[in-house]
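What follows is a set of notes on a single structure, which appears directly below.
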Protein chains: 2
Amino acid sequence: MTIELSARVTCTDCPIRHRAVCAYCTGDELDVLEQLKSYKTFKAGEPILWRADKLTYVGSLVHGVATLSKTLEDGRTQMVGLLLPSDFIGRPGRSEIEFDVVAVTDVTLCCFQIKPFEALIASTPHVAQRLVEMALDELDVAREWMLLLGRKTAREKIATFVQMLVQRQHIAGTDLPGQALSLPLTQEQIANYLGLTLETVSRQLGIMKKNGILRFSDRRHFEVIDFPALQLATGDDSDGGVLV
Amino acid sequence: MTIELSARVTCTDCPIRHRAVCAYCTGDELDVLEQLKSYKTFKAGEPILWRADKLTYVGSLVHGVATLSKTLEDGRTQMVGLLLPSDFIGRPGRSEIEFDVVAVTDVTLCCFQIKPFEALIASTPHVAQRLVEMALDELDVAREWMLLLGRKTAREKIATFVQMLVQRQHIAGTDLPGQALSLPLTQEQIANYLGLTLETVSRQLGIMKKNGILRFSDRRHFEVIDFPALQLATGDDSDGGVLV
DNA sequence: CGGAGTCTTGAAATATGTCAACTCCCGTGG
DNA sequence: CCACGGGAGTTGACATATTTCAAGACTCCG
């Protein structure tokens, strides 16, 4: 299935209408957004924003997956965020970012020039409010990830990562038929997300296949067979702390 | 030197007046805060807030040091934040937190009941604006720490930690005479901040003493002797990415 | 003076990283 | 259509940073 990436969609028909920065907007407010917005698309692998770039626009991710990552001088890199549909790129009142944003699949962005957008924030409390809420959510996620990076074992990291994918794809309603889930990252990218090497990721995923926890239909699609075992393997407490 | 912790201070004389959540407030606005605020004090080691507690108040740290930390079922813990004077506890629009807040030294908090405070946010854009700014700063710091936790070596972690202490104490204007800096955490706490064990922290600090990078006057006070070497040891790029 | 908490140091264990070879895809271009 | 080539993943053997376990020393405070 190919999606026409550049197709203009009216806000009311937008797939991320109820989760993005516009979530709380009324019909009237949407009309304003409709005037200001424009779509940008990126091919898989393309950079969306580079560290220390001046931010000229901000926007919501409509289709696809992108990553935020930071890199040390010698090339070691650490992903600090995974952007799925409805996630926002850019910051209220900040003109720079200190990480790189890269499209890992083909990506469609619903963009706003930064100047008009800042005016919009000032005049539309619904947008400002949602933006704050989203920033706080990001902070919670970042801290949950700090726990993972600092204290979890390789196996726990992988299990937590898979569980997060399940939850986020479920919430987003982008579940594929059956239990099938898409794995949008290469193992190298997963490694950079989890603070591991790609070999360790490969081995741990292999073990979870052998354990009958996961089944892969192809390189990019899998399903969780043994959910309790997955949960157990995360190392989190049994009620499963939510990790959006 | 002992500070009278419970002494009520007027906002205009407050040591964190220009960095805390009230930073942008006008004199009139301060008068309102003055009415609402109250001081709370905690002894070193006391819990300030417990995970999943209902948040009944929020507040700014005036004196002392506190930590935010998350703990796994089996006891492994990871610090996810270090609170120094002017830092804020609590979230606009959130009634719970998902980590523990603990005083590591004696602590004074400038508190607001949550209900009046939320009204205040709604009516005082200066407060709301500063709160957002502080949340975004926290997010940046959290992501910088993700890079540290996921990709840095023990030595780089220690060096980065020390450098952060230097910068934050410098910014806060709490420098002690000369180059002396205070080390507010035990090595076990440092270990929990850096995702290491306390033994590794001890060994690495020992090496940095031998290398002539640090000198300790007593267990809680040290100075940086070789600043370039410290910077080099962080693993960051040479211009020294700011880590507030 | 005692004792608990903190720190140091050593030896041994181990999880993960490193290096290297090989396989499996999948798309491209001849 | 097939062969080729390169990216992605797998697997093994080995290296090593850090943890673990353990014992002892320091130091501050009651």
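Proteins come first, then strands; the chains are lettered A, B, ... in the order of their sequence lines, and each starts at number 1.
- Atom CG in A:Leu149 sits roughly 15 Å away from atom C1' in C:dT16 (whole-Å rounding).
- In this structure, CZ on B:Phe88 lies 14.0 Å from CG on B:Asp137, to the nearest 0.5 angstrom.
- The 5' end of DNA chain D is approached more closely, in terms of each residue's nearest nucleotide, by A:Leu185 than by the other of A:Leu185 and A:Arg151.
- For A:Thr160 and A:Lys152, the side-chain atoms include at least one donor-acceptor pair closer than 3.5 Å.
- A donor-acceptor contact under 3.5 Å links the side chain of B:Glu199 to the base of D:dC21.
- Here D:dT10 presents its C1' atom at 14 Å from CD1 of A:Ile190, a figure rounded to the nearest Å.
- At whole-Å resolution of the value, CZ in B:Arg155 and P in D:dT18 are 11 Å apart.
- The interatomic distance linking B:Phe216 (CZ) with D:dC26 (P) rounds to 18 Å, in whole Å.
- No engagement by B:Gly45 is indicated, since no non-hydrogen atom pair under 4.0 Å with the nucleic acid exists.
- A straight line from CZ of B:Arg219 to C1' of C:dG5 spans 9 Å, rounded to a whole angstrom.
- When rounded to the nearest whole Å, the span between CD of B:Gln189 and C1' of C:dG5 equals 12 Å.
- When the side-chain nitrogen and oxygen atoms of B:Lys209 are compared with OP1 and OP2 of C:dT8, one or more of them lie within a distance under 4.0 Å.
- Nucleic acid contact class of B:Thr200 (heavy atoms, under 4.0 Å, all strands): base.
- Side-chain contact, A:Arg76 with A:Asn192: no donor N or O sits under 3.5 Å from an acceptor N or O.
- Salt bridge absent: B:Glu138 and B:Arg143 never bring a charged side-chain N and a carboxylate O closer than 4.0 Å.
- One distance of note links CD1 of B:Ile171 with OG of B:Ser86; it measures 9.5 Å at 0.5 Å rounding.
- Contact annotation for B:Arg220: backbone-only contact, meaning every heavy-atom pair under 4.0 Å involves sugar-phosphate atoms and none involves a base.
- Mapping A:Arg203 and B:Gly206 onto DNA chain C via the closest heavy atom, the residue that lands nearer the 5' end is B:Gly206.
- Look at CD1 on B:Ile207: it is 11 Å from C1' on D:dA17, rounded to the nearest Å.
- The side chain of B:Gln204 places no N or O atom within less than 4.0 Å of a non-bridging phosphate oxygen (OP1 or OP2) of D:dA17.
- One interatomic measurement links the two molecules: CG of B:Leu183 to P of C:dT6, which rounds to 13 Å at whole-angstrom precision.
- Of all nucleotides listed (C:dT8, D:dT10, C:dC24), C:dT8 comes nearest to the side chain of B:Ser202.
- At the heavy-atom level, B:Leu196 lies under 4.0 Å from the strands shown only through sugar-phosphate atoms.
- Within the nucleic acid shown, A:Lys157 has no heavy atom closer than 4.0 Å to any nucleic acid atom.
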